[in-house]
Amino acid sequence: MNATQYAILAYAVSFILIGGFAMWSWLEHSRLTRSGRGRGGF
Amino acid sequence: MKSARVRIVGPVYGIVTFCLLAAVTGMMVWWTPREETMGDVQKVFYIHLPAAINTFVACFVVFICSVMYLLQRRSWWDDLGFAAAKVAVLLASIVLLTGMIWGRSAWGAWWQWTPRLTFSLILWLLYVVYLMIRPSIESSQRRALICAVYGVIAFMDVPLVWLSTKLLPDIHPKTISMAPEMRLTLLAWFVPMTMLAAGLIVTSMRINRLQRAASEPAEELDEPRLVPAGGQA
Amino acid sequence: MTRAIRHITMLTLKDLRIEARGRQTIGLVVVLAVLIVVVLALGLGSGGGSGGLTATAILWVAYLFGGVLIFEKTMAVERHDDALAGLLLAPIDRGSIYAAKLLANLVLMFALALVVTPVGIMFFQFDLSVAPGGFALVMAVSMIGYAAVGTLFAALTSSTRLAGGLLAMLVFPITLPVVLISTRVLANLFEHGTSLAGSGLALLIAFDLMFLAASWLVFDVVLEA
Amino acid sequence: MTARLTIQHADIPRFTQAGAIEARTGQSDSRRVLRLAQSESAAMLPAVHAVGVHKVLDDRPILRDLTFDVPAGCYAALLGANGAGKTTLLRLLSTLTTPTRGELEIFGRNSRRQGALIRAGIGLIGHQSMLYRDLSALENLVFFGRLHDLSEPGVRAMDLLDFVGLVDRAHDPVKTFSRGMVQRVSIARALLHEPRLLLADEPFAGLDAPSVDTVERLMAQLNEQGMAVLLANHDVRQSLRLAERVLVLRKGRLALDAAASELTVEQVLREIEQR
């Protein structure tokens, strides 16, 4: 692997982590709010 | 009213952050010049450094929340601290992985016991432990207390970890001479990364609050009911 | 002040008396630590590493696990039959309870080190005679820091189930710098003959002071709820 | 044993091993187990004064809006189903925890700010013995006596062991004791510093009949000598027999607060069990 490929790998890994976390948060959040049991956010 | 505002502000914030992230990625790929000796892998730095700085910020938030929890004993602080710790671990993972990938390209090895790699590994471990111990403590009050004390002690540990890793032999690049375009790109990357960290902390915090509310025996609560936060419509 | 010292002495002696009567902790801990050293010695093919650094690293593994067991056991004495509530109801400073527990833990840890260190040195052909004083000093200072953190978290986790595993999880990452510094300082001392006056020992002392102070402050809060 | 001792066996019956009681011939009634009430003007203050006390544990309200008084020298029984909040209330009163909201005063001292002063005036008998099982009864009492800064902890400890009828077992480790004997040592431990309020959390749980009788009598004697007693209990009949006042907790709320003489067992049971 050359330097460019390593750079692509690094960004891919980072974006997967961020995207995964954001997606999970979003799903969890909408699941919790839709279930209607949630009271008061902050 | 509150829920309506959240319903609009949340997605708008998310979309803006996403667009900015896409913009700086494009800027980094097509506009920023390639570093001569290291090649393209040097560009890892543009996500690496903002992620590292935001990790510290998130750890600091954990620390503040821990202190506030110990002073006030409000579950609110525990939830915010937990959210910040999650984001700290996410960002620390990015720092660690990008660092390792860069090291593999520059030194030909995934891992070297250099001060900075060792430091980010220990930092990552410190906050992974914060997350890992939580499910194994049943009493929510006990959990919040243990995590708060841990959050304080762990943050105090950070400078000592840094100083102790200084005792290891260093082959890390100390100063990098950057072209003006590079410096601008780095600065630009700070904006979406910081927004991302803040947004994720806030979202996680909301999830924690909702989960706590859902797990409470609602019928036994005396306190006046608050308006449901999320859209029930 | 003299009152606090009297309380601390009394509490420490009480812990040591209970330990002397049952000898439940120290026997268990010493055997565990010796087992760890033996397992690692066999695993490394007896002296596979390069002398000093390997020996100290392996001794540290033994101390770490032995220490966790000591912290957990001495705190279990208080949780058993809720004797801790008796202490909390007495008009004594909570800091004294912490200080006494720390002292008792340190006495037991030093006892452990006294037995396990020769075993480790023997198995790894480690020449201690180069700087025995330096070795003892560095290890003692490191153990104070380790016990300071361990005592605090033992008090926190003792009321949960899973006390032991949880304690190790909490204490190990926080005390990693202690292990790192002390092994580096000892490696320098034994392999390059560097003097102890360097930054390493100062860092260890800084760690001790910082965590002693923090634990003293936080301990008040820890025992409630 | 000399006259300067705080505890004398003057008007106190002695307890034999089996728990039976043999009254001893009294000497002078000026000697008492406790030198309290009569001398102190503070004794006019209520032993417990609670106003709107709330306690939240693990995000669950355990105690809600408790407002009540226990006068000095009163023998009060605290009744309630399991989980009604009896233990939590006793832990609050003994300053092991503080109220989430509301004000709590013990002999006029605020539980949040004057914890140390309160602790000097209360004795707690908990679910568990609060003793070190590997130490002997005497060692335990001397140790806790020293923590309370008693001038002669050894003498005081022996006197109290005499009071609870365990002198001949003083040097045996607590772990060799029966449940009833452990409970008696617990009582001695709680009395070391001459408290004016005794908090007892189900002291009869797990005791055999003679031991129950012994513990009942010990507490009655202490009350006669001016000590306020708050007894958390689940036996309604027994509580009505022993106490002057009855407090009933239901789901963390005060459901009943009345003189024991005005109540029947059925009434109290109804209050405890009401859904």
Side-chain angles (χ1 to χ4, degrees), chain B residues 63 66-73 75 78 89 92 113-115 117-170, chain C residues 142 145 148-150 152-188 194 198-215 217-225:
Chain B
F63 172 71
S66 300
V67 171
M68 290 312 287
Y69 180 81
L70 290 179
L71 293 177
Q72 296 187 342
R73 302 299 178 106
S75 63
D78 182 47
V89 168
W113 288 103
T114 69
L117 276 180
T118 313
F119 173 68
S120 38
L121 178 66
I122 298 179
L123 188 69
W124 183 82
L125 274 173
L126 270 172
Y127 285 87
V128 165
V129 164
Y130 182 102
L131 301 184
M132 287 298 123
I133 55 168
R134 291 186 70 92
S136 54
I137 307 162
E138 263 172 32
S139 152
S140 67
Q141 212 150 31
R142 200 81 207 154
R143 185 197 309 134
L145 181 64
I146 293 178
C147 285
V149 173
Y150 185 83
V152 172
I153 300 281
F155 189 75
M156 286 171 62
D157 211 26
V158 171
L160 284 167
V161 173
W162 174 242
L163 289 171
S164 68
T165 54
K166 285 281 190 192
L167 296 173
L168 296 167
D170 195 1
Chain C
S142 311
V149 178
L152 173 69
F153 281 106
L156 266 171
T157 55
S158 64
S159 63
T160 58
R161 289 191 281 128
L162 294 169
L166 206 55
L167 182 58
M169 278 276 274
L170 289 166
V171 171
F172 287 173
I174 286 176
T175 44
L176 267 176
V178 172
V179 179
L180 185 62
I181 300 166
S182 74
T183 46
R184 294 308 304 183
V185 169
L186 287 177
N188 284 340
T194 339
S199 61
L201 194 65
L203 262 180
L204 281 178
I205 293 170
F207 185 97
D208 288 5
L209 292 178
M210 209 162 111
F211 286 103
L212 281 173
S215 305
L217 286 175
V218 174
F219 201 70
D220 213 22
V221 168
V222 161
L223 294 176
E224 283 173 23

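Chain letters run A, B, ... following the sequence lines, proteins first, then strands; residues in each count from 1. Everything numeric in this text was worked out from a predicted model, so none of it was measured.
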Chain C contacts, top residue of Val128(B), Val129(B), Thr118(B) (heavy-atom pairs, under 4.5 Å): Val129(B)
Would you mind checking which part of Phe172(C) comes under 4.5 Å of any heavy atom in chain B, side chain (CB onward), backbone (N, CA, C, O), both or neither? neither
Below 4.5 Å, heavy-atom pairs only: which of Leu163(B), Ile133(B), Ile153(B), Thr165(B) has the largest tally toward chain C? Ile153(B)
To check you understand the geometry: which heavy-atom pair defines the closest contact between Pro177(C) and Pro173(C), and what is its length? CD-O, 3.9 Å
With a 4.5 angstrom heavy-atom cut-off, is it the side chain or the backbone of Leu180(C) that approaches chain B, or both, or neither? side chain
Atom group of Ser139(B) that falls short of 4.5 Å from chain C, counting heavy atoms: neither
Smallest heavy-atom separation, Val222(C) atom then Arg142(B) atom, equals O-NH2, 3.6 Å
Roughly how far apart are Thr157(C) OG1 and Leu166(C) CG, rounded to 0.5 Å? 5.5 Å
Qualifying side-chain hydrogen bond (donor to acceptor under 3.5 Å, both in side chains) pairs, either residue in residues 144-160 of chain B, two or more places apart: none
Ser182(C): side-chain contact (heavy atoms from CB on, under 4.5 Å) partners, not counting sequence neighbours: Trp60(C), Val138(C), Ser142(C), Leu204(C)
Name the region of Ile174(C), side chain, backbone, both or neither, that has any atom closer than 4.5 Å to a heavy atom of chain B. both
